[in-house]
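Labels below follow one simple rule: chain letters A, B, ... track the order of the sequence lines, proteins then strands, and each chain is numbered from 1.
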Protein chains: 2
Amino acid sequence: MARNNIDSLNCSIADTLNLIGEWWTILILREAFFGSRRFEEFQQYLGIARNILTARLKKLCDSGILERVPVKEGARRHEYRLTPMGRDLLPILIVLTHWGDRWLNESEGAPVIFVERDTGKEIADICVLSQDGRELKARDLALIPGPGATEETKERLRLMVETWQQRQASRSKKS
Amino acid sequence: MARNNIDSLNCSIADTLNLIGEWWTILILREAFFGSRRFEEFQQYLGIARNILTARLKKLCDSGILERVPVKEGARRHEYRLTPMGRDLLPILIVLTHWGDRWLNESEGAPVIFVERDTGKEIADICVLSQDGRELKARDLALIPGPGATEETKERLRLMVETWQQRQASRSKKS
DNA sequence: TTTAAAAGTTGCTTTTTGCAACTAAATATG
DNA sequence: CATATTTAGTTGCAAAAAGCAACTTTTAAA
């Protein structure tokens, strides 16, 4: 993301975007999930500039999302493979896909569909669930500071609750 | 995303990133979910340059993710609110948060935690499920062309299956 | 009525991208 | 074995995007 203050936001979204939020990175990961491993594969399928691809792959390797392994024993050519950390990004790709399918490609239909290999059936839509499996909407959620919250974050969240309560109050007055 | 060929990728991920993949956009959306509505709120919490914020808010409004409504009847000052299309991005934010919590902030712990408002209990981890509720991993998934697939996409997916089968074959030979 | 805050806009500088050409090693070919 | 081709980058330069600070113009407050 931007250079300066992002790190100070005390936010896992910002931290994640710091690693995968740059131009191209998520599409490179998509390619990786689609089975690409070699520099040329990524380059050709995406049409990305080679120097940018180099930079992105390096960053992904440095941060442990991909690993760079010799094609065979002792070879100096490498391929890029998803690590467990990288494979754990799959839900992000699926959520992005489903949202795009729903809101941007509704008329034409989805370009690609994720299915379960064994059954061929489409996977379930990803949604937010409570521990006991009820579906939750934005309205049903609240935010609380976690163990990693700074004082600033706690203050911010307190303020958020206040604002929210005021809005609820003014809403009930009106109606 | 990049200017040229992204649109031709026939991929909902690329389409989605075209709208929300730019620097700052996702953090602006995070702020919106956290309750910010006014220009100054976004600006102050994020420390984003004002001209960039202007551009991002405009794009988000143009694409229907936010709407710009007068603060009160007839006022010329506006606030920016999530539309249903925008609220539907919540799973993306949660997935990004959880991934960052798990892989980047494990030692310090999560800065913020999403809980169910009514019970105060943490929400469930978002994961990929089959229609009948079994958890699926990357290995369990396959991709098939959907109704919106171009010939190129179909070809690409055929090739993918081939490559995958070859790798499976060479793997079983080795072991 | 003056002051201050909100919501931008403008101009200029620094960073990032994109593109094309170049390089060096590995592999294939005759 | 010598030469060509592929692979995986690197370099240099032009164009686009981002950051910063200063400037406007309404709106709200004192």
Side-chain angles (χ1 to χ4, degrees), chain A residues 1-9 14 17-28 31-32 35-62 66-81 163 166 170, chain B residues 1-9 14 17-28 31-32 35-62 66-81 163:
Chain A
M1 225 82 200
R3 22 211 140 302
N4 45 352
N5 61 349
I6 294 287
D7 292 332
S8 69
L9 286 175
L17 291 175
N18 249 335
L19 296 190
I20 63 165
E22 279 173 312
W23 289 132
W24 290 111
T25 300
I26 291 183
L27 291 175
I28 291 170
E31 278 308 311
S36 292
R37 294 180 178 178
R38 304 292 291 270
F39 187 93
E40 294 298 320
E41 289 180 284
F42 291 108
Q43 204 281 316
Q44 283 165 28
Y45 285 125
L46 294 173
I48 180 178
R50 311 174 71 81
N51 50 354
I52 305 296
L53 179 56
T54 302
R56 295 294 180 275
L57 289 172
K58 181 170 184 336
K59 182 164 182 179
L60 287 169
C61 289
D62 288 352
L66 296 179
E67 60 178 348
R68 186 182 148 108
V69 294
V71 173
K72 5 177 217 182
E73 295 281 301
R76 242 178 263 178
R77 242 161 244 194
H78 301 89
E79 47 184 36
Y80 300 89
R81 297 194 190 201
T163 310
Q166 280 169 16
S170 77
Chain B
M1 226 78 199
R3 23 212 138 299
N4 46 352
N5 60 350
I6 294 288
D7 292 333
S8 70
L9 285 175
L17 292 175
N18 250 334
L19 296 190
I20 63 165
E22 279 173 313
W23 288 136
W24 290 111
T25 301
I26 292 183
L27 291 174
I28 291 170
E31 278 309 310
S36 291
R37 293 180 177 178
R38 306 291 291 269
F39 187 93
E40 294 297 321
E41 288 180 283
F42 290 107
Q43 203 281 318
Q44 283 165 27
Y45 284 126
L46 293 173
I48 181 178
R50 311 174 72 82
N51 48 354
I52 306 295
L53 179 57
T54 302
R56 295 292 180 276
L57 289 172
K58 180 172 185 333
K59 181 163 182 179
L60 287 169
C61 289
D62 288 350
L66 295 179
E67 59 178 349
R68 186 183 147 107
V69 294
V71 174
K72 6 177 216 185
E73 295 280 301
R76 243 177 262 180
R77 241 163 246 195
H78 300 88
E79 50 185 32
Y80 299 89
R81 298 195 188 200
T163 309

Undergrad: In whole Å, what is the span from the CD1 atom of B:I52 to the P atom of C:dT16?
TA: 13 Å

Undergrad: On the nucleotide C:dA6, are OP1 or OP2 found under 4.0 Å from the side-chain N or O atoms that B:Y80 carries?
TA: no

Undergrad: For a quick test of reading the model: is some side-chain N or O of A:R37 closer than 4.0 Å to OP1 or OP2 of D:dA8?
TA: no

Undergrad: Roughly, in whole Å, what's the span from CD in B:Q43 to P in C:dA6?
TA: 11 Å

Undergrad: How long is the gap from OG1 on A:T25 to CG on A:L53, to the nearest 0.5 Å?
TA: 10.0 Å

Undergrad: Out of D:dT10, D:dA8, C:dC19, which nucleotide sits closest to the side chain of A:F39?
TA: D:dA8

Undergrad: For the side chain of B:R77, starting at C-beta, report the closest nucleotide among C:dA25, C:dA7, D:dG9.
TA: C:dA7

Undergrad: Could you list the residues that satisfy salt bridge (charged side-chain N to carboxylate O under 4.0 Å, His left out) with A:R50, not counting sequence neighbours?
TA: A:E40

Undergrad: Please confirm whether the shortest side-chain N or O distance from A:R56 to OP1 or OP2 of C:dT16 is below 4.0 Å.
TA: no

Undergrad: Is there any protein nitrogen or oxygen under 3.5 Å from a nitrogen or oxygen in nucleotides 10-14 of chain C, and what are the pairs?
TA:
unit_1, atom_1, unit_2, atom_2, d
C:dG11, O6, B:N51, ND2, 3.3

Undergrad: Can you list everything that forms a side chain to side chain contact (heavy atoms under 4.5 Å, CB included) with B:R38? Sequence neighbours excluded, please.
TA: B:E41, B:V71, B:R77, B:E79

Undergrad: From CD1 of B:I28 over to C1' of C:dA7, roughly how many Å is that when rounded to an integer?
TA: 14 Å

Undergrad: Is it the case that D:dT7 (base atoms only) and A:R38 (side chain only) share a donor and an acceptor within less than 3.5 Å, ignoring hydrogens and angles?
TA: no

Undergrad: What integer distance in Å separates B:Q44:CD from C:dA7:C1'?
TA: 12 Å

Undergrad: Let me know the distance between CG of A:L17 and C1' of D:dA18, rounded to the nearest Å.
TA: 17 Å

Undergrad: Rounded to whole angstrom units, what separation is found between the CZ atom of A:F42 and the P atom of D:dG9?
TA: 11 Å

Undergrad: Listed by chain and number, what are the side chain to side chain donor-acceptor pair (under 3.5 Å) partners of A:E31, not counting sequence neighbours?
TA: A:S36, B:R156

Undergrad: Report the residues that fulfil side chain to side chain donor-acceptor pair (under 3.5 Å) with A:E67, sequence neighbours left out, ordered by chain and then residue number.
TA: none

Undergrad: How many Å lie between CG on A:L53 and P on D:dG9, as a whole number?
TA: 8 Å

Undergrad: Tell me every residue that passes side chain to side chain donor-acceptor pair (under 3.5 Å) with A:D62, counting only those two or more places apart in sequence or in another chain.
TA: A:K58

Undergrad: Nearest 0.5 Å, please: how far is CZ in A:F42 from CZ in A:R37?
TA: 9.5 Å

Undergrad: For B:H78 and D:dT26, what is the distance between atoms NE2 and C1' respectively, to the nearest whole Å?
TA: 12 Å

Undergrad: Would you tell me if any nitrogen or oxygen in the side chain of B:W24 comes within less than 4.0 Å of OP1 or OP2 on D:dG19?
TA: yes

Undergrad: Counting side-chain heavy atoms from C-beta on, which of C:dA6, D:dT7, C:dG8 comes nearest to B:E40?
TA: C:dA6

